[in-house]
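For reference, the structure is listed below as structure tokens.
The chain is numbered in sequence order, starting from 1.
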Amino acid sequence: MSNDKRWICRQQGFTLIEVMVALLIFMVIALGLARGEIAALRAQTDNVLRDEATRLAEEQLNDLRGQPFTNLAAAPWTNPESLPVTMRAGRVVFARSFQIIEIDATATQLMRIDVAVGWNQGNNPPEQPVNTNHQVLLSTIIARGDE
């Protein structure tokens, strides 16, 4: 009986190897969760920037659609307009440009309006919005009768 008591008393803790294996397993799981969190944060930042670019493009498109048809004239892409915006994702400089194209139609006069908004993300410097590595493009067609 006394032999069994001594054996039980010696088994009260974990060995160093057991602790190290448990820490290794915990570390592998924690690194996997950290990678997932980083990917989720990047996706959220991408979505915020894309939403802001879409808002800026819609704003320009609505301004152009609000003008009388006779005031619109065919024009190639305009020089990009720099639009610095401060938001949760930091300070981002968007570049906005548009073009108006006459569409040949027999019965109705039609024009297509394209609005492009681009921005830099990643390693590109934010001060140069013309060389964008992300872009949103919106288009619409208006007819003379839409005035």
Side-chain angles (χ1 to χ4, degrees), residues 1-69 71-105 110-143 146-147:
M1 185 79 168
S2 65
N3 243 354
D4 290 338
K5 261 188 179 176
R6 279 191 313 212
W7 185 81
I8 291 173
C9 290
R10 284 188 282 161
Q11 294 293 320
Q12 290 181 354
F14 296 104
T15 65
L16 183 60
I17 293 176
E18 291 171 332
V19 170
M20 289 176 66
V21 168
L23 285 174
L24 179 68
I25 292 170
F26 174 75
M27 191 170 38
V28 168
I29 292 170
L31 287 174
L33 292 173
R35 287 187 84 184
E37 182 67 23
I38 289 170
L41 288 172
R42 282 186 182 152
Q44 188 267 345
T45 300
D46 290 348
N47 289 338
V48 167
L49 293 172
R50 191 176 313 108
D51 288 348
E52 183 65 18
T54 302
R55 186 193 67 77
L56 292 170
E58 287 175 344
E59 181 181 277
Q60 180 71 51
L61 198 59
N62 288 335
D63 287 348
L64 291 170
R65 288 186 71 190
Q67 295 181 15
F69 189 87
N71 289 0
L72 297 176
W77 284 104
T78 60
N79 288 330
E81 169 189 11
S82 290
L83 302 167
V85 177
T86 303
M87 47 204 285
R88 289 182 298 165
R91 184 176 181 273
V92 180
V93 179
F94 291 93
R96 182 170 63 187
S97 182
F98 67 91
Q99 73 174 350
I100 301 173
I101 300 172
E102 284 188 35
I103 299 175
D104 292 330
L110 300 173
M111 288 196 182
R112 186 179 86 201
I113 302 173
D114 300 321
V115 178
V117 176
W119 70 98
N120 284 324
Q121 190 174 353
N123 295 330
N124 291 346
E127 294 80 27
Q128 300 175 356
V130 176
N131 301 320
T132 58
N133 61 6
H134 288 75
Q135 184 175 17
V136 170
L137 177 67
L138 299 181
S139 296
T140 190
I141 295 176
I142 58 172
D146 288 349
E147 294 183 278

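Looking only at side-chain heavy atoms (C-beta outward), Pro84 and Arg91 come within less than 4.5 Å of each other. Residues Arg50 and Asn47 meet the side-chain proximity criterion, which asks for heavy atoms closer than 4.5 Å. For the pair Val117 and Leu138, the minimum side-chain heavy-atom distance is 4.5 Å or more. Here the side chains of Phe94 and Leu49 are in contact, with some heavy-atom distance below 4.5 Å.
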Next on the checklist: Run Glu81 and Gln60 through side-chain contact (heavy atoms from CB on, under 4.5 Å) and show every step you take.
Outcome noted: CA-CA 11 Å; Glu81 169 189 11; Gln60 180 71 51; 4.2 Å; yes

Check your understanding: How far apart are the C-alpha atoms of Thr140 and Val115, what are their side-chain angles, what is the distance that settles it, and do they pass the side-chain contact (heavy atoms from CB on, under 4.5 Å) test?
Key -> CA-CA 9 Å; Thr140 190; Val115 178; over 6 Å; no

Exercise. Would you please test Leu83 and Val93 for side-chain contact (heavy atoms from CB on, under 4.5 Å) and show each step?
Key: CA-CA 6 Å; Leu83 302 167; Val93 179; over 6 Å; no

- Item | Working for side-chain contact (heavy atoms from CB on, under 4.5 Å), residues Trp119 and Val136 | CA-CA 9 Å; Trp119 70 98; Val136 170; 3.8 Å; yes

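Counting heavy atoms of neighbouring residues, nucleotides and ligands inside a 6.0 Å radius, atom CD1 of Ile17 does not exceed 12 of them.
Side chains of Asn62 and Arg65: no donor on one and acceptor on the other come within 3.5 Å.
In this structure, Ser97 contributes its side chain and Ala116 its backbone to no donor-acceptor pair below 3.5 Å.
Residues passing the side-chain hydrogen bond (donor to acceptor under 3.5 Å, both in side chains) test with Arg42, sequence neighbours excluded: none. Partners of Arg55 by salt bridge (Lys or Arg N to Asp or Glu O under 4.0 Å), not counting sequence neighbours, listed by chain and number: Glu52, Glu59. Shown here are the side-chain hydrogen bond (donor to acceptor under 3.5 Å, both in side chains) partners of Asp114, two or more places apart in sequence or in another chain: Gln99, Arg112, Ser139.
Checking each of Ile113, Ile101, Leu110 against Ile141 for a side chain to side chain contact (heavy atoms under 4.5 Å, CB included) leaves exactly one that passes, namely Leu110.
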